[in-house]
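As structure tokens, the structure follows; a few thoughts come after it.
Nothing fancy with the numbering, it's 1 onward along the sequence.
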Amino acid sequence: MDIAAISSMLSQSNVQQQAGISVLKMAMGVAASNGNSLVSMLSEATKSMELSVQPNLGAKIDLQA
């Protein structure tokens, strides 16, 4: 094999590796976004569940002393 062919193969391998890394970075971004959405949804579900268990808690204030 000549030097030009080896250089071409190494360059192509480098491009493929960079493309793979870019795809993985995009997948990590999507996963992080999905994780944040899930945490937010669970937080809202927990708050609504707390209100359903004790719906009158904090609804009335006794001002008579």
Side-chain angles (χ1 to χ4, degrees):
M1 230 186 242
D2 60 345
I3 304 262
I6 293 173
S7 175
S8 177
M9 285 183 358
L10 286 175
S11 177
Q12 186 177 15
S13 173
N14 190 18
V15 169
Q16 288 175 343
Q17 184 179 16
Q18 291 298 322
I21 290 171
S22 296
V23 168
L24 287 175
K25 283 183 181 180
M26 288 189 322
M28 285 175 47
V30 168
S33 176
N34 288 344
N36 290 338
S37 297
L38 181 62
V39 168
S40 175
M41 185 175 60
L42 287 174
S43 168
E44 292 172 9
T46 302
K47 186 165 278 289
S48 67
M49 185 179 248
E50 287 173 355
L51 290 175
S52 70
V53 172
Q54 298 176 345
N56 294 326
L57 186 64
K60 297 180 183 178
I61 300 174
D62 186 8
L63 297 177
Q64 196 173 27

Name each donor-acceptor pair under 3.5 Å that joins a side chain in residues 34-46 to protein atoms two or more places apart or in another chain, with its distance.
unit_1	atom_1	unit_2	atom_2	d
Asn36	ND2	Ala32	O	3.4
Ser37	OG	Ser33	O	3.1
Thr46	OG1	Leu42	O	2.8

Point to revise | Rounded distance (nearest 0.5 Å) linking atom CD1 of Ile3 with atom OG of Ser8 | key: 13.0 Å
Review point. Hey, what do you get for CD1 (Ile6) to OG (Ser11), rounding to the nearest 0.5 Å?
Key: 13.5 Å
